[in-house]
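I have placed the structure first, in the form of structure tokens, so that the comments after it can refer back to it.
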Protein chains: 2
Amino acid sequence: MLNQQASLDLMFQALADPSRRMMVERLSQGPASVSELAKPLDMSLPAVVQHLQVLEASGLIRTEKVGRVRSCTLDTGALQRAEQWIHERRALWERRLDRLGEYLALSEDPKGHDPT
Amino acid sequence: MLNQQASLDLMFQALADPSRRMMVERLSQGPASVSELAKPLDMSLPAVVQHLQVLEASGLIRTEKVGRVRSCTLDTGALQRAEQWIHERRALWERRLDRLGEYLALSEDPKGHDPT
DNA sequence: GTGTTACTTAAGCGAATGCTTAACCAACAA
DNA sequence: TTGTTGGTTAAGCATTCGCTTAAGTAACAC
């Protein structure tokens, strides 16, 4: 298993490309085949497959081949980990701003010392 | 102003590097100077500055130079937009799974037709 | 069988990334 | 004024990325 850091690397990297995000958007509405995913994109099929490999390596999607079509589905567990990472940093920062606001509100010194 | 797509590109791209995420983690606890951010990282100062440029271009941080030190702070608005994008896709997918579950539960045919 | 469809594999190429070192500059300190 | 600190700029370089075309292969349709 990959460590947490490397796994976030792959996920954010995967989400950094607009074509790949478009695939994720499509997959958020339900499973799709490779050529369905390729249809709205202006690039060759091998290029699409390469994007899919990036998404799969990142854990954001899973794929399964049935007959000659490969079916792709979103893995929301991975999405959730990425969302969680961002959320935690944001929460930390906002809690800090809250503390700062409280301090300033309670402070008797109108000029305020920076409590950081 | 950048369009939504390009802006997400830059944000996710910025978050895809572990050194940059480390800087964001540090900044989530309060503002810091360039050399404070550089201290835990095993690379030259110019390299750190280049990472900061990526973060600033993505909108994730803002910086201001006072005297000879540059102070960096997190911009949670940008973080929130990235979090929101992920959250929406995930929510869509999970709502779909719920509908599917309901359908299967209500179905009179024990084998179930796939309603997708 | 003979197609046609749905990918897959391989090789190559230009551009972008993540670093480096060397040299520079501007603020403050003695 | 002479250093030292905190960054900045510029150039170069190896690697990775996003694409291409060309040539497979394996499943299904007739």
Side-chain angles (χ1 to χ4, degrees), chain A residues 2-3 5-27 30-73 116, chain B residues 2-3 5-27 30-73 116:
Chain A
L2 251 44
N3 66 53
Q5 280 289 45
S7 165
L8 284 171
D9 278 20
L10 293 177
M11 277 192 266
F12 285 127
Q13 179 69 351
L15 291 175
D17 184 275
S19 304
R20 286 193 295 258
R21 279 203 311 281
M22 190 165 295
M23 296 183 194
V24 169
E25 299 210 12
R26 168 64 189 77
L27 290 175
S33 71
V34 173
S35 33
E36 276 176 326
L37 290 171
K39 205 163 295 172
L41 298 173
D42 186 23
M43 65 179 67
S44 70
L45 218 116
V48 171
V49 171
Q50 285 164 28
H51 280 306
L52 284 175
Q53 284 166 355
V54 172
L55 285 169
E56 188 164 19
S58 78
L60 285 169
I61 72 171
R62 275 175 296 121
T63 79
E64 187 196 6
K65 194 150 184 179
V66 177
R68 59 185 163 167
V69 334
R70 175 170 301 277
S71 176
C72 310
T73 83
T116 48
Chain B
L2 252 41
N3 66 54
Q5 280 289 46
S7 165
L8 284 170
D9 278 19
L10 293 177
M11 276 191 267
F12 285 126
Q13 176 73 330
L15 292 175
D17 183 275
S19 304
R20 287 195 293 259
R21 279 204 310 282
M22 189 165 294
M23 295 183 195
V24 168
E25 298 210 12
R26 168 63 190 78
L27 289 176
S33 71
V34 173
S35 33
E36 276 174 327
L37 290 172
K39 205 164 293 172
L41 299 173
D42 186 24
M43 65 179 69
S44 69
L45 220 118
V48 171
V49 170
Q50 284 165 27
H51 282 306
L52 284 174
Q53 285 166 355
V54 172
L55 286 168
E56 189 164 20
S58 79
L60 285 169
I61 71 171
R62 274 175 295 120
T63 78
E64 186 196 7
K65 195 152 184 179
V66 178
R68 60 184 164 168
V69 336
R70 175 170 302 277
S71 176
C72 310
T73 85
T116 49

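Here is the naming used below: chain letters follow the sequence lines, and residue numbers restart at 1 for every chain.
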Take atom [atom1] of [X] and atom [atom2] of [N], then tell me their distance rounded to the nearest Å.
| X | N | atom1 | atom2 | value |
| --- | --- | --- | --- | --- |
| A:His51 | D:dG18 | NE2 | P | 6 Å |
| B:Gln53 | D:dG7 | CD | P | 13 Å |
| B:Gln13 | C:dG18 | CD | C1' | 11 Å |
| B:Asp9 | D:dC17 | CG | P | 15 Å |
| B:Lys39 | D:dG6 | NZ | P | 9 Å |
| A:Leu55 | D:dC17 | CG | C1' | 14 Å |
| A:Met43 | D:dT20 | CE | P | 7 Å |

B:Arg20 pairs by side-chain hydrogen bond (donor to acceptor under 3.5 Å, both in side chains) with which of B:Gln13, B:His51, B:Glu25?
B:His51
Working to the nearest 0.5 Å, report the span between [atom1] of [X] and [atom2] of [Y].
| X | Y | atom1 | atom2 | answer |
| --- | --- | --- | --- | --- |
| A:Ser33 | A:Lys39 | OG | NZ | 7.5 Å |
| B:Leu27 | B:Arg62 | CG | CZ | 11.5 Å |
| B:Arg21 | A:Phe12 | CZ | CZ | 6.5 Å |
| A:Asp9 | A:Ser58 | CG | OG | 11.5 Å |
| B:Leu10 | B:Leu60 | CG | CG | 9.0 Å |

Could you tell me if the side chain of B:Val54 sits less than 4.5 Å from the side chain of B:Leu52, heavy atoms only?
no
Report each atom pair, protein N/O against N/O of nucleotides 21-30 of chain D, whose distance is under 3.5 angstrom.
unit_1: D:dA27; atom_1: N3; unit_2: A:Arg68; atom_2: NH1; d: 3.3

Kindly point out which of D:dG6, C:dG18, C:dC7 is positioned nearest to the side chain of B:Arg20?
C:dG18
When you match A:Asp42 and B:Arg70 each to their closest nucleotide on DNA chain D, which lands nearer the 5' end?
B:Arg70
Distance below 4.0 Å between B:Lys65 side-chain N/O and D:dG6 OP1 or OP2
no
Between B:Ser33 and D:dG6, does any side-chain N or O lie under 4.0 Å from OP1 or OP2?
no
Sugar-phosphate, base or nothing in reach of A:Ser19, heavy atoms under 4.0 Å:
nothing
